[in-house]
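So the structure is just underneath, and the comments pick up after that.
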Protein chains: 2
Amino acid sequence: MRIAIEMVEEGLITKEQAIFRPEPDQLVYFVVPRLDEKDVKLENVLAKGLPASPGGAVGQIAFTADDAVKMAGHGTEKNPVILVRAETSPEDIEGMVSAAGILTSRGGMTSHAAVVTRGMGKSCVAGAQEIDVDEKKREIRVKGQVFREGDWISLDGSTGRVIKGKVKTVPPDPKDLDLLDKFMSWVEPFRTMKVRANADIPRDAINARKFGAEGIGLCRTEHMFFGEEKIPHMRAMILAENEKDRRAALKKLLPMQRRDFDGVFRAMDGFPVTIRTLDPPLHEFLPPREELMVNLATLQYMDAKQKKSLVAKYRDYGVKGANDLKKVLPKLLERVEKLHEVNPMLGHRGCRLGITYPEITEMQARAIFEAAVAVTKDGVKVYPEVMIPLTATVKEMANQAEIVNRVAKEVFKEKGRIVEYLVGTMIELPRAALIAAEIAKEAEFFSFGTNDLTQTTWGFSRDDVNKILPTYLEQGIIKQDPFAVLDQEGVGQLIKMATERGRKSRPNLKVGICGEHGGEPSSVEFCYQTGLNYVSCSPFRVLTARLAAAQAAAGEKMQGEAGRTK
Amino acid sequence: MRIAIEMVEEGLITKEQAIFRPEPDQLVYFVVPRLDEKDVKLENVLAKGLPASPGGAVGQIAFTADDAVKMAGHGTEKNPVILVRAETSPEDIEGMVSAAGILTSRGGMTSHAAVVTRGMGKSCVAGAQEIDVDEKKREIRVKGQVFREGDWISLDGSTGRVIKGKVKTVPPDPKDLDLLDKFMSWVEPFRTMKVRANADIPRDAINARKFGAEGIGLCRTEHMFFGEEKIPHMRAMILAENEKDRRAALKKLLPMQRRDFDGVFRAMDGFPVTIRTLDPPLHEFLPPREELMVNLATLQYMDAKQKKSLVAKYRDYGVKGANDLKKVLPKLLERVEKLHEVNPMLGHRGCRLGITYPEITEMQARAIFEAAVAVTKDGVKVYPEVMIPLTATVKEMANQAEIVNRVAKEVFKEKGRIVEYLVGTMIELPRAALIAAEIAKEAEFFSFGTNDLTQTTWGFSRDDVNKILPTYLEQGIIKQDPFAVLDQEGVGQLIKMATERGRKSRPNLKVGICGEHGGEPSSVEFCYQTGLNYVSCSPFRVLTARLAAAQAAAGEKMQGEAGRTK
């Protein structure tokens, strides 16, 4: 980029030529701190994992999310911590927020750790298989060396290196940032496709705006529920045995959810915000089944201290008689067993939750519209787009749209103010793409959830694909990880089909993409060629997407001109 | 059917009209024993589950597969047993074979219990949710009554009723069977599409021929591995830590597998046999992860008797030092953890196994061709069709076809005899259907695996869908269980697309279907309309499929004639 700017200023190339010089992926390195290469000693490099989220991070090892929070100084971020886990799960969110960087020994470019850290702009090395993470003993073993809690390590999320000790970091250079601004001002006139960001909480939304996001393409409401104050109510909602108890728990969640939406809407003043209704399987919010089974089997042999710690652990789940583990454990296990699924990715999630528990969709719609009306009163311009996940049939869409529209009407009447909004759906199942013409009759917009669409089109589980991908890539059976780079040959056919069929029944159908691919350059180009209205990606990939979208449009224009010249 | 035959004989209707009189599904009732309705007392009906597999069955309750084998008299089938389980898994196969009927409290029409029993022509009531199956206490509770091991119950697999006590059964009436023969002789001239059967072992193949199957459309080699003598070698193969140990275990499996193929080929003399290479995730052959975790956690508190029983249980897995549970359990758990998958249905299975462990495909191909050559020498006409499961890319197909063709050549050279064969693939992932033109360049036939294709197209897990389907059916969101009746609107599009695209690159491509839908009348009609060469279904549904295929062809002919008359 630096060279391209110089060449334009020396009159050697045009701005149009300049925008093709940097790879879109390179821009993000200008805005994150890096390791100081002069301070990296080759013999200190312990392992190489996947460069899951760029930037350098240095800190003391913590093995659990709770420890990370404590060691980092409870949100003060006084002490830099590297959270090290075999893999992360949604329950680790607070620890991930507190940590300076994340290291995992399992999982790929779209593992939980990778996706979440990219959204946070936080350094992450994922799937560093050479490292043996022993969470029980609280140590990692690699290259014959052992590292324990409190030991210092350094991560290079841009290359995947894991380095022993404290490596110096270098902040983004203010001069680089000025150059970036100048460069992006040349890029922008070429771009025609919008770029939004995936952001779940106000802080991410603010970040996204900084990088030039023109709205939010995916706000995952479930991520909002993992906050410390919210998760007990979420658990109470899940453990409820009847609609009444469930509604009581939802009522407590309503103001918290409304507050989050309020913050996101304000950050996105003037831009659309796509909010997805609850998506993940409910057992993600409960303790693992095998953990409960083991605790139940060993309960009679536990001493008072162990019991006390379990009582504290499970108190949060709101099961009555919480001090009596003999009652709590079987009860919790029973509920977890009921929710247990062989293949949770293909299970009771997405709109299937909103259809079996319509009161959840109702609460979420109410939180959205109450927040929207409230910020409008303060002069904020808000365009909520309510997005129904995992539809496979038009009736699912109609069922959920009816709830959303009914609640909107109620709220607007109560508050005496109307807010414009859309109700649409994620297209993330092959069936939805195949019957897109039908679904578009009820959906006002489509957003391709290409992570899930890739899973079902290929029959690949994102969480397990690392058992297969290395061999496949090595043997040349596939050229690229389809979760990182959109599979245009297969998944791309469904995207084209759905866009064409959807617009046939609703010509002004707004179509976007909100999977991880929305920030990957070749995938962004494909989205442009397919006529999508926008791509949406994690905040720290917005720059990449903006440049890739501009390159795609400029490239097409140049080809057109070349054609006419002939 | 009885009335239709009478009407033809009285000259009231033509044979062509007669074949439309019975519903295709009704024919099977003529060939299985039924409960004697005169002996059924309404107050004895305990529950109603799904009529998963027709026929009446009466026996004593057994709660585990092992107990069922013992109680039934170790294969003598002296004492009729009803195997009662929350749900069955492949490890229950021996018990299911021994039992007169199967009752489950969980699972749908395509649950393991339902699919397997239909293949066996064995009565099954599945998903009888009112019944509380307590496998630990070895009792079931229903309607305030408790039933224990050894208590008598009766199942009506044709209606789903579970009845207390011993109800008399009525065998198929020989007169009915004669009528059936007569009726089928009228049906056959109309039929143009072939009907094959899904059969895994020689006994099923022989049965299939009795019902008129014209070949085997799906022989699942993994079902062959669950026999008592084979499973230890299968487990040794899975637990092998290197290729050498794996090959050693495979070498022991080779003659057993060859023997099975030999029997199947002989039963199908003159007809094609489609053999699928290993498909299921390997952890299906190992003990459940949570079971190992609980045993490991409680090991130190176990008495000698408990330990002894565990030693016996895990001895089969061939881990060295089998008497020392302190060594065996962690080792087994370690291996199971490595194989553990979050979504096994989308995991390391199908051709992904054959690609990561090519020696498995090699062994299976060798067993197939050695058996084929051997039976040929006895004058048996054999047409093996080797089917590669779960392909998503043409390179996977090419990789596996190369192995099969290479081994075939080797065997033919060794034995001095050549056998005609085909290598093709199951189309069971949306991506395979989308890129069918490519895949057909390497595949000599397609067979639609509509169970898996339905799972991925809808994003529904067959094993979990019962959490969602009841609400969906009740609310009219879907009209029919897409696992029972082919979803023509969605999945059907992919079948049409793959058939057309596949035949574009290979005009003589043989196309069939081998999912459960292959025996469902409306789905059979769809297959006929789409131009499939054959349908394949469980042996006891062959009659249904034959009639449905004849009705489809006759119906089309009549419409054509009606058109010309106009």
Side-chain angles (χ1 to χ4, degrees), chain A residues 289-291 293-298 300-301 338-350 352 355-356 390 392-393 395-396 398-399 428-435 438 452 455-465 467-468 471-472 475-478 487 489-491 493-494 497, chain B residues 289-291 293-298 300-301 338-350 352 355-356 390 392-393 395-396 398-399 428-435 438 452 455-465 467-468 471-472 475-478 487 489-491 493-494 497:
Chain A
R289 181 166 158 261
E290 57 276 18
E291 173 191 307
M293 289 170 125
V294 167
N295 282 333
L296 191 61
T298 52
Q300 52 177 312
Y301 312 112
K338 263 198 191 152
L339 293 170
H340 178 67
E341 292 176 321
V342 181
N343 300 289
M345 190 52 65
L346 308 175
H348 195 185
R349 51 173 290 239
R352 300 162 191 175
I355 288 168
T356 42
L390 211 73
T393 68
K395 285 195 177 162
E396 291 171 313
N399 173 299
E428 47 187 341
L429 294 173
R431 193 176 196 278
L434 291 163
I435 62 150
E438 277 302 301
D452 276 12
Q455 292 198 93
T456 43
T457 305
W458 281 81
F460 270 162
S461 161
R462 246 195 305 178
D463 297 306
D464 306 308
V465 77
K467 292 201 173 74
I468 306 155
T471 307
Y472 270 39
Q475 298 199 6
I477 286 175
I478 55 175
D487 158 38
E489 192 190 358
V491 177
Q493 280 195 49
L494 291 174
M497 191 186 288
Chain B
R289 183 167 158 258
E290 57 275 16
E291 175 192 306
M293 287 171 132
V294 167
N295 282 335
L296 191 61
T298 53
Q300 53 177 311
Y301 311 110
K338 263 199 190 149
L339 293 170
H340 177 67
E341 292 177 320
V342 181
N343 300 288
M345 190 51 66
L346 307 176
H348 195 183
R349 50 173 289 241
R352 300 163 192 176
I355 289 167
T356 43
L390 212 72
T393 67
K395 286 197 176 162
E396 291 170 315
N399 173 299
E428 48 187 340
L429 292 174
R431 194 176 195 277
L434 291 163
I435 63 151
E438 277 301 303
D452 275 13
Q455 293 198 91
T456 43
T457 305
W458 281 81
F460 270 162
S461 161
R462 245 195 307 176
D463 297 305
D464 306 308
V465 76
K467 293 201 169 76
I468 306 155
T471 307
Y472 269 39
Q475 297 198 9
I477 286 176
I478 55 175
D487 159 38
E489 191 191 357
V491 177
Q493 279 195 49
L494 290 175
M497 192 186 289

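All chains are named by letter (A, B, ...) in the order of the sequence lines, taking the proteins before the strands, and each is independently numbered beginning at 1.
In terms of heavy-atom proximity, B/M497 sits nearest to A/L434 at CE-CD2, 4.2 Å. Across B/K338 and A/K467, no two heavy atoms sit closer than the pair O-CE, 2.7 Å.
Interface residue B/I468: only side-chain heavy atoms are found under 4.5 Å from chain A. Contacts between A/T457 and chain B at a heavy-atom distance below 4.5 Å involve backbone atoms as well as side-chain atoms. Using a 4.5 Å cut-off between heavy atoms, A/E438 contacts chain B through its side chain alone, with no backbone atom that close. Residue B/E396 touches chain A through both its backbone and its side chain, counting heavy-atom pairs closer than 4.5 Å. Only the side chain of A/R289 comes within contact range of chain B, with heavy atoms under 4.5 Å apart. Proximity to chain B (any heavy atom under 4.5 Å) is restricted, for A/Q475, to the side chain, taken from C-beta onward. Residue A/I355 touches chain B through both its backbone and its side chain, counting heavy-atom pairs closer than 4.5 Å. Using a 4.5 Å cut-off between heavy atoms, A/D487 contacts chain B through its side chain alone, with no backbone atom that close. Of the atoms belonging to B/V294, heavy atoms from both backbone and side chain fall under 4.5 Å from chain A. The contact between A/Q493 and chain B is made entirely by side chain atoms (from C-beta outward), counting heavy-atom distances below 4.5 Å.
In this structure, OG1 in A/T356 is found 9.0 Å from CD1 in B/I477, a value given to the nearest 0.5 Å. Distance CZ/B/F460 to OG1/A/T456: 12.5 Å, rounded to 0.5 Å. Taking CD1 of A/I435 as the start and CD of B/E489 as the end, the distance is 5.0 Å to the nearest 0.5 Å.
Residue with the most contacts toward chain B among A/M293, A/R352, A/H348, A/R349: A/R352 (heavy-atom pairs, distance under 4.5 Å). Looking only at heavy-atom pairs under 4.5 Å with chain B, the residue among A/A432, A/A433, A/S461, A/A392 that has the most is A/S461. If you tally non-hydrogen atom pairs under 4.5 Å between each of A/L429, A/I478, A/V342 and chain B, the highest count goes to A/V342.
Under the 3.5 Å distance criterion, the side-chain polar atoms of A/K395 are left unmatched by any main-chain donor or acceptor of B/Y472. At distances below 3.5 Å, at least one donor-acceptor pair connects side-chain atoms of A/D464 with backbone N or O atoms of B/N343.
Counting heavy atoms from C-beta on, the side chains of B/T393 and A/W458 come closer than 4.5 Å.
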